Every structure is written in structure tokens, then in C-alpha cells.
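One is the number of the first residue; the rest follow in order along the sequence. No experiment lies behind these values; they were computed from the predicted model shown.
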Amino acid sequence: YIAEEARFDESSNEEHLKAQVDQVKFARSITRTSPASIVQYAIESLAGTGFSRHLQFLDQVRLYAHQFREFLIETDLDDPASPHAPFIKEGMSEKPVHFEAIPKIEDRVSFHEAFKAAIGDIMLLILFWVVLFAGAFLSFLRVDVM
């Protein structure tokens, strides 16, 4: 019963988070019509901050949560005196655990991933520049200076 309730809570939280992420993505797609926003998003991506970095961190947290749950279950199964009711304080092992044995979260940021996230915004900026330059050049050609 408790495991089913935990799964329901987790899926409910995931749905809520997905709805929030979708709203932010929609808002960012609208604001991409502004060159200032495009520059901001490109710099955020290259600096390893911003929304895309936040999404990468959430993925790493999900992976770590799974690893940590597995660690708790394995540690509890190793104790014969435990009632083996995972994720309930009274139902788990009371044996101390060495700090080194606990899995650690690894937050990885690479320039390659950051550049890959920024390349779309950089290309969009180049496209804006080309269109504006072409428009300025054509307007210059139309001007009759006498």
C-alpha cells in the first residue's frame, strides 16, 4: 500500500513538473522572436546555466534517486534483523552505513553539451543578422543620391 502511494505521489509530481516545463518551453519559444532573448539563451547555454541546464540537472537527480533507492533496498536486505519494509522508518535496518558506501550525485557539465544546447540560438542570431544586413543593403541600393 505504501509503495503504491509513493508511486502515485511520484507520478503526480512528475506530471506537475512536466506541465511546468512545457509552459516554460512554450514561453521561451515565444520570446525567441526577440534577438535579446536569443542572446540571453545562447549565453545561458554556453555558461552552463539557464533552463536547459536545469533540465539536465533534473535528469541527473532522477537517475540519482533511482540509484539511492536501490542502495537503500540492498543495504536493508543485508541486515537479517531488519523487518524489510523499505521506505518506512520503523521498517528498515538500524545498522549504521559508512558514508563512503552511499552513492553520490554527480553533476556533470561539459562544454560539448553546452555548445550543442546553444548552437540553435547562435544559428538563429546569424539568420537575424543576415536578414537585417540584406535588408539594409537592399535599402542602400534603392537610395538615389544626387
Side-chain angles (χ1 to χ4, degrees), residues 1-140:
Y1 174 74
I2 292 172
E4 185 177 317
E5 183 179 351
R7 277 192 294 272
F8 174 76
D9 287 344
E10 188 174 335
S11 68
S12 174
N13 289 338
E14 285 293 323
E15 288 175 17
H16 181 70
L17 183 63
K18 184 182 179 323
Q20 287 179 329
V21 166
D22 290 343
Q23 288 176 357
V24 171
K25 284 182 178 179
F26 178 70
R28 287 173 68 97
S29 67
I30 290 173
T31 58
R32 273 207 165 83
T33 57
S34 165
S37 294
I38 296 171
V39 168
Q40 176 186 347
Y41 299 154
I43 290 173
E44 284 176 356
S45 295
L46 289 174
T49 63
F51 187 66
S52 60
R53 177 68 185 109
H54 177 69
L55 293 178
Q56 290 173 357
F57 178 73
L58 287 178
D59 290 339
Q60 291 175 7
V61 167
R62 282 187 198 100
L63 178 65
Y64 175 74
H66 177 70
Q67 291 172 346
F68 190 70
R69 279 190 210 109
E70 293 297 318
F71 168 76
L72 287 176
I73 291 170
E74 288 174 11
T75 304
D76 186 59
L77 290 175
D78 289 342
D79 183 10
S82 171
H84 303 301
F87 311 114
I88 302 172
K89 183 175 176 158
E90 296 81 16
M92 294 192 70
S93 174
E94 296 289 327
K95 284 177 49 175
V97 177
H98 294 289
F99 180 74
E100 295 80 24
I102 299 172
K104 311 297 186 283
I105 189 167
E106 295 179 20
D107 190 21
R108 296 175 295 269
V109 180
S110 69
F111 180 74
H112 176 70
E113 292 295 322
F115 186 74
K116 195 166 39 169
I119 194 70
D121 292 320
I122 293 170
M123 293 306 237
L124 199 54
L125 277 174
I126 291 171
L127 177 68
F128 270 130
W129 181 79
V130 167
V131 168
L132 289 175
F133 181 78
F137 183 72
L138 289 175
S139 67
F140 178 74

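- Two residues are said to be in side-chain contact when any heavy atoms from C-beta on lie closer than 4.5 Å; Ile105 and Phe68 fail this criterion.
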Decide yes or no on side chain to side chain donor-acceptor pair (under 3.5 Å) for Glu44 and Gln40, but give the supporting numbers first. CA-CA 6 Å; Glu44 284 176 356; Gln40 176 186 347; 3.0 Å; yes

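- Although no hydrogens or angles enter the test, the distance criterion places no donor-acceptor pair under 3.5 Å between the side chain of Ser12 and the main chain of Phe8.
- Considering only heavy atoms from C-beta on, Leu63 stays 4.5 Å or farther from Asp59 through its side chain.
- For Gly48 against Arg53, the heavy-atom pair with the smallest separation is O-CG, 3.0 Å.
- Between atom CE of residue Met92 and atom CG of residue Leu77 there is a gap of 9.0 Å, rounded to the nearest 0.5 Å.
- Going from atom OG of Ser11 over to atom NZ of Lys18 covers 13.5 Å, rounded to the nearest 0.5 Å.
- Around CZ of Phe71, the count of heavy atoms belonging to other residues, nucleotides or ligands within 6.0 Å exceeds 12.
- The two atoms that bring Pro103 and Gln67 nearest to each other are CG-O, 4.3 Å, heavy atoms only.
- Figure legend: Arg28 and Tyr41 shown as a cation-pi pair, the cationic atom lying under 6.0 angstrom from the six-membered ring centre and within 45 degrees of its axis.
- Partner of Arg7 under the side-chain contact (heavy atoms from CB on, under 4.5 Å) criterion, out of Glu4, Glu10, Glu5: Glu4 alone.
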Working note: Glu113 + Lys116, criterion salt bridge (charged side-chain N to carboxylate O under 4.0 Å, His left out); need CA distance, chi angles, decisive distance, verdict. CA-CA 5 Å; Glu113 292 295 322; Lys116 195 166 39 169; 3.6 Å; yes

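- Contact check for Leu127 versus Met123: no side-chain heavy atoms found under the 4.5 Å cut-off.
- With a 4.5 Å cut-off on side-chain heavy atoms, Leu17 and Gln20 count as touching.
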Working for side chain to side chain contact (heavy atoms under 4.5 Å, CB included), residues Leu72 and Asp76: CA-CA 6 Å; Leu72 287 176; Asp76 186 59; over 6 Å; no

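- Between Pro35 and Leu125, the closest heavy-atom pair is O-CD2, 4.0 Å.
- Scanning both residues, Phe128 and Thr33, for their nearest heavy atoms gives CZ-O, 3.7 Å.
- Scanning all heavy atoms of the two residues, the minimum distance from Ala114 to Ser45 falls at CB-O, 3.1 Å.
- With sequence neighbours excluded, no residue satisfies side chain to side chain donor-acceptor pair (under 3.5 Å) with Glu70.
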Can you list the steps and then say if Lys25 with Phe51 is a side chain to side chain contact (heavy atoms under 4.5 Å, CB included)? CA-CA 9 Å; Lys25 284 182 178 179; Phe51 187 66; 3.9 Å; yes

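- Under the 4.5 Å side-chain criterion, counting only non-hydrogen atoms from C-beta, Arg32 is in contact with Asp121.
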